[in-house]
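Throughout, protein chains are lettered first and strands after them, A, B, ... in sequence-line order, and every chain is numbered starting at 1.
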Protein chains: 2
Amino acid sequence: MTSAERREQIIQAATSVFGDRGYHGTTTDQVAKAAGISQPYVVRMFGTKEALFLEVINAALAMLLVSFREQLAEHRSSGEPAEALVPKLGNAFIDLVKTRGLHRSLMQGFVSGGDPVIGVAARRGFLEVYAFLRDEAGFAPEEVQTFLSYGMLTSVLLCIEMPSLFGRDSDATELACAAFGHKLDLVLETMGPDAASA
Amino acid sequence: MTSAERREQIIQAATSVFGDRGYHGTTTDQVAKAAGISQPYVVRMFGTKEALFLEVINAALAMLLVSFREQLAEHRSSGEPAEALVPKLGNAFIDLVKTRGLHRSLMQGFVSGGDPVIGVAARRGFLEVYAFLRDEAGFAPEEVQTFLSYGMLTSVLLCIEMPSLFGRDSDATELACAAFGHKLDLVLETMGPDAASA
DNA sequence: GTCTATACGAAGATAGAC
DNA sequence: GTCTATCTTCGTATAGAC
């Protein structure tokens with residue numbers, strides 16, 4: 001396998017593991033096992049665990065923006081009313097949840113925002129999304145705020161795996177329905193047959 | 001010092017450290033140093049690091065609910081219109097940010113929601129807040145969702161220390177103003193003279 | 001109630017072979 | 001491009017003294 005392919009593969013594996021266990025909670029050996037290679041090779045490829053984590057959140061952010069830009073382009077060419085864009089972007093976000101660990105890795109990066117190195121990347125990334133929504137998508141600052149708010153609630157609910165209680169706890173069910181709406185099916189599907197069957 | 005006092009003091013120190021570095025990123029020795037005692041004593045008092053972390057997030061949650069209930073009681077006795085409650089609760093939340101690490105520890109617990117033990121506590125805690133807002137404060141499910149959404153955006157922005165860019169980055173300034181509004185002063189103050197002077 | 005000493009097991013990173 | 005072996009450091013937890 002070529003070096004570039006291997007990098008890509010490791011980043012994908014790392015995204016999954018970092019998403020589950022966070023920066024500190026993840027070992028380079030877990031990433032290596034997930035990628036099917038040896039632990040020293042992971043380090044060799046990226047230099048340090050920190051460098052790998054930074055690549056992971058940058059890649060996640062890049063994918064998020066690519067996906068948003070796709071939706072925006074489609075929206076523009078469809079001639080739909082402006083209000084139709086918000087749910088499109090929301091759906092695109094939920095779709096990315098299916099890319100295992102992607103949105104969780106981003107959240108892990110955010111809560112590690114106190115770290116001098118990770119913090120810089122986290123702030124930069126968040127502001128990039130903000131700038132996209134305002135400047136490219138044309139949202140008013142208040143609309144951006146609302147969009148991001150719902151996005152953050154969604155993200156936190158996914159981090160704590162609230163949908164796993166769907167059908168088992170009435171409050172959790174109500175909350176999940178309210179927060180995910182018609183996207184709930186997709187979310188439950190993503191969380192495995194266990195939750196989906198409930 | 002009596003055992004109960006010591007426990008309280010350790011939990012306070014642990015809240016600060018866990019809030020900054022997360023569950024995995026925190027060492028019992030850092031907690032010990034922050035509390036001014038020896039590392040084995042921390043373990044002795046709580047059994048395991050995990051047990052200590054659970055106490056930290058449960059204590060944080062308890063403080064949050066106590067604070068919310070205070071605001072609710074005050075609101076009820078003041079005879080103000082119903083809409084006045086939301087900003088009161090919002091202010092109470094921001095006030096808690098001043099208790100170093102409290103809200104950050106909660107967020108750390110949330111992103112560690114994939115952990116079998118921490119996850120249970122995180123879901124339970126989140127639902128407790130939800131139930132309070134709906135059943136005690138009398139919010140409609142949709143109002144609860146909006147309130148929690150803004151709370152989560154606020155929390156994430158605080159985790160990545162976005163207010164530290166206030167006055168230095170125009171997008172960050174705009175975002176901070178929108179999200180924190182008149183509470184911005186309080187937030188900047190909390191984040192130290194560095195940010196406040198900018 | 002609190003400490004020192006320490007056992008024991010990770011985990012990140014390096015060296016060097018193939 | 002990829003591995004095995006290993007160094008070294010760190011971190012949780014225990015034992016046992018004061």
Side-chain angles (χ1 to χ4, degrees), chain A residues 1-58 101 105 108-109 111-112 114-118 121, chain B residues 1-57 59 101 105 108-109 111-112 114-118 121:
Chain A
M1 191 178 285
T2 156
S3 176
E5 289 171 322
R6 202 48 116 176
R7 275 185 82 85
E8 185 47 46
Q9 184 210 7
I10 296 175
I11 287 177
Q12 215 174 304
T15 300
S16 173
V17 185
F18 277 126
D20 280 350
R21 325 205 10 129
Y23 172 61
H24 291 289
T26 295
T27 72
T28 52
D29 193 53
Q30 289 168 335
V31 173
K33 288 221 165 60
I37 58 178
S38 71
Q39 177 268 329
Y41 192 30
V42 172
V43 176
R44 171 83 109 178
M45 285 283 260
F46 295 89
T48 64
K49 183 169 101 161
E50 188 177 64
L52 173 58
F53 185 66
L54 287 175
E55 295 236 25
V56 163
I57 58 179
N58 284 333
S105 284
Q108 296 287 358
V111 295
S112 299
D115 179 276
V117 176
I118 300 172
Chain B
M1 192 178 285
T2 153
S3 176
E5 288 171 322
R6 201 48 116 178
R7 273 185 84 86
E8 185 48 44
Q9 184 211 6
I10 296 174
I11 287 177
Q12 214 173 305
T15 300
S16 173
V17 185
F18 277 126
D20 280 349
R21 324 205 11 130
Y23 173 61
H24 291 288
T26 295
T27 72
T28 52
D29 192 53
Q30 289 168 336
V31 173
K33 287 222 166 60
I37 58 177
S38 70
Q39 178 268 331
Y41 192 29
V42 172
V43 175
R44 170 82 118 202
M45 284 284 261
F46 295 89
T48 63
K49 184 170 102 161
E50 189 176 63
L52 173 57
F53 186 66
L54 287 175
E55 294 236 25
V56 162
I57 58 178
S105 285
Q108 296 287 358
V111 295
S112 299
D115 179 276
V117 176
I118 300 173

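The separation between Phe46(B) atom CZ and dG1(C) atom P is 13 Å, rounded to whole Å. Between the OH atom of Tyr41(B) and the P atom of dC18(D) there is a distance of 19 Å, given to the nearest Å. One interatomic measurement links the two molecules: CG of Leu52(B) to P of dT12(D), which rounds to 10 Å at whole-angstrom precision. Computed from coordinates, the Met45(B) CE to dT2(C) P distance equals 7 Å when rounded to whole Å.
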5' to 3', nucleotides 9-14 of chain C under a 4.0 Å protein heavy-atom cut-off (B base, S sugar-phosphate only, - none) gives --SBBB
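Contact record, Asp115(B) with Ile118(B): OD1-N, 2.8 Å, taken as the closest heavy-atom pair. Scanning both residues, Lys49(B) and Tyr23(B), for their nearest heavy atoms gives NZ-O, 3.0 Å.
Relative ring orientation between Phe18(B) and Phe53(B) is described as perpendicular, the plane-to-plane angle rising above 60° on a 0-90° scale split at 30° and 60°.
Rounded to the nearest 0.5 angstrom, Ile57(B) CD1 and Gln108(B) CD are separated by 10.5 Å.
For Thr2(A), the side chain to side chain contact (heavy atoms under 4.5 Å, CB included) test picks out Ala4(A), Glu5(A), with sequence neighbours left out.
Look at Ser3(A) and you'll find a side-chain N or O under 4.0 angstrom from OP1 or OP2 of dG1(D).
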For residues 9-17 of chain B, tabulate all N or O donor-acceptor pairs below 3.5 Å that involve a side-chain atom, not counting sequence neighbours.
{"from": "Gln9(B)", "atom 1": "OE1", "to": "Arg6(B)", "atom 2": "NH1", "distance (Å)": "2.6"}
{"from": "Gln9(B)", "atom 1": "NE2", "to": "Ala35(B)", "atom 2": "O", "distance (Å)": "2.9"}
{"from": "Thr15(B)", "atom 1": "OG1", "to": "Ile11(B)", "atom 2": "O", "distance (Å)": "2.7"}
{"from": "Ser16(B)", "atom 1": "OG", "to": "Arg100(B)", "atom 2": "NE", "distance (Å)": "3.4"}
{"from": "Ser16(B)", "atom 1": "OG", "to": "Arg100(B)", "atom 2": "NH2", "distance (Å)": "3.4"}

